[in-house]
Amino acid sequence: MLNTPYYLLDLEKLKHNLCSMRNAFERLWPNFKIGYSFKTNNLPWLISWFRAQGVYAEVVSTPEYQLAQFTGYDNDHIILNGPHKGNETLLKVIKDGGIVNLDSFEEIRFLMDNLEETKNAKVGLRINFDLEKECPNETITGEEPGRFGFNIENGDFEKAVGILKRCQSIKITGIHGHHSTRTKSLKIFSSITNAICKAAQNIENLEYIDLGGCIFGDKPGAPSFDEYAETITGVMKKHNISQDVTLIMEPGAALVASPFSYVCKVITTKDIKGTRLVFTDGSKKHIAPQMNNISFAYNLPEMNNRQTINRQIISGYSCIEMDRFIDIKEEGELLKDDIIEIMNCGAYTISLAPLFIEYFPQVVVKNNEELITVREAWGLKEFLQKNIIIK
Ligand SMILES: *Cc1c(COP(=O)(O)O)cnc(C)c1O
């Protein structure tokens with residue numbers, strides 16, 4: 001039973017994205033692994049699907065780590081990143097043979113204080129460097145410093161390597177370099193790979209290089225998986241990185257943005273100041289939770305013989321004025337009960353949607369012609385979990 005609004009996952013598209021990314025990289029670097037970024041879309045069904053495809057889990061908190069365990073990821077298929085891992089989780093992933101990329105001196109200090117528990121521990125270090133200087137106007141922070149990892153220019157990275165090298169029971173085995181950027185350009189990936197390879201020069205036990213995520217997937221006109229793979233492995237080869245070293249990528253949006261759409265229904269219309277306002281049972285909160293101005297691709301119903309309206313604004317159920325998400329000109333008239341499908345809604349939507357006015361919508365997976373509900377819509381019962389009220 002489909003009740004609008006709902007998210008719709010086209011499984012064919014998801015399979016295609018994963019397969020084309022794997023092929024592009026494995027062709028050039030056979031020792032290649034994907035860690036799926038849970039935060040990008042943490043739908044439990046999706047996370048368990050990636051596990052079944054042999055993809056690793058990329059998690060950045062204790063709850064995400066617990067979700068990886070619950071959905072059946074092997075201990076050594078978990079990559080733990082981020083500034084707030086939780087000490088217990090940090091130790092557990094290290095002891096269980098997972099991948100941990102350290103982010104701060106506090107984490108190193110914690111490991112040093114627990115040396116009896118960290119015998120033969122392997123850790124990676126996340127690097128922080130002035131990417132904006134190499135790629136002007138391309139980063140999110142611009143002239144402001146990035147927050148994550150050990151900075152190279154101020155000597156923190158070298159200091160961290162020094163501390164860990166003096167400690168016999170912990171080995172540095174990886175370098176991590178995720179950066180979020182506005183452009184996701186090939187130049188960005190050339191710079192990051194170069195910085196990682198330079199940082200890896202003095203690491204004797206190098207087992208992996210982890211480029212992080214923030215790449216495009218199948219977006220028309222954007223760099224392709226093949227181009228990213230050529231750029232990254234090209235720089236690795238120039239630095240004589242051994243083919244035994246595992247190349248890790250941590251995509252989120254590149255895999256999951258395009259396979260999801262969002263389906264809502266027209267509930268009523270009004271004409272005010274020469275503009276047709278079209279109300280739906282959906283909300284911008286579900287497709288752009290940060291209420292940024294994205295120009296959505298969308299599908300409207302067949303418009304055979306309907307009159308043309310010069311301007312229609314498609315809007316949502318919430319009581320927020322700016323809950324408007326599509327502004328269309330010279331289209332057929334939208335009528336009550338028409339279905340509207342908004343495309344490319346899989347990244348930073350389901351995981352960021354709020355419990356505002358209405359609750360989480362249903363999620364449906366389309367596998368060939370079969371439709372499976374993988375999350376029922378939340379109602380009052382789910383909203384009230386763990387709350388008390390006065391009777
Ligand atoms: C967010 C994040 C990713 C994934 O980013 P996308 O833009 O969704 O590809 C990968 N790695 C880390 C460490 C992240 O924080």
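Ligands are counted one by one from 1 in listed order, and the atoms in each one are counted from 1 as well.
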Within 4.0 Å of some non-hydrogen atom of Thr40, the atoms of ligand 1 are 8 (O)
- Item | Ala253 N/O under 3.5 Å from ligand 1 N/O | yes
Exercise for review: Consider every N or O of Glu250 and every N or O of ligand 1, then say whether any pair is closer than 3.5 Å.
Suggested key: yes
One finds that the ligand 1 atoms under 4.0 Å from a non-hydrogen atom of Glu58 are 10 (C), 11 (N), 12 (C), 13 (C)
The protein heavy atom nearest to atom 15 (O) of ligand 1 is Lys39 NZ, 2.6 Å
Here the side chain to side chain donor-acceptor pair (under 3.5 Å) pairs for residues 343-361, sequence neighbours left out, are Thr40-Tyr348
Shortest non-hydrogen pair, Thr193 vs Ile232, comes out as CG2-O, 3.5 Å
*Could you tell me whether His176 and ligand 1 have an N or O pair separated by under 3.5 Å?*
no
inquiry  = Please confirm whether the ring centroid of Tyr36 lies under 6.0 Å from the ring centroid of Tyr73.
reply    = no
Of His179, Met249, His178, the one whose closest heavy atom lies nearest atom 3 (C) of ligand 1 is His178
Residue-ligand contact Tyr348/ligand 1, heavy atom below 4.0 Å: yes
Pair Thr89, Thr62: side-chain N/O donor-acceptor within cut-off below 3.5 Å
yes
Margin query: So, regarding Cys214 and ligand 1 (criterion: nitrogen or oxygen to nitrogen or oxygen, under 3.5 Å), is there a contact or not?
Written below: yes
message = Would Lys159 pass as a cation-pi partner of Phe150, given that its NZ or CZ must be under 6.0 Å from the six-membered ring centre and within 45 degrees of the axis?
response = no
* Do ligand 1 and Val60 have nitrogen or oxygen atoms that lie under 3.5 Å from each other? -> no
Residue set satisfying salt bridge (charged side-chain N to carboxylate O under 4.0 Å, His left out) with Lys122, at least two apart, ordered chain then number -> Glu207
Between Phe148 and His179, is the ring centroid distance below 6.0 Å?
no
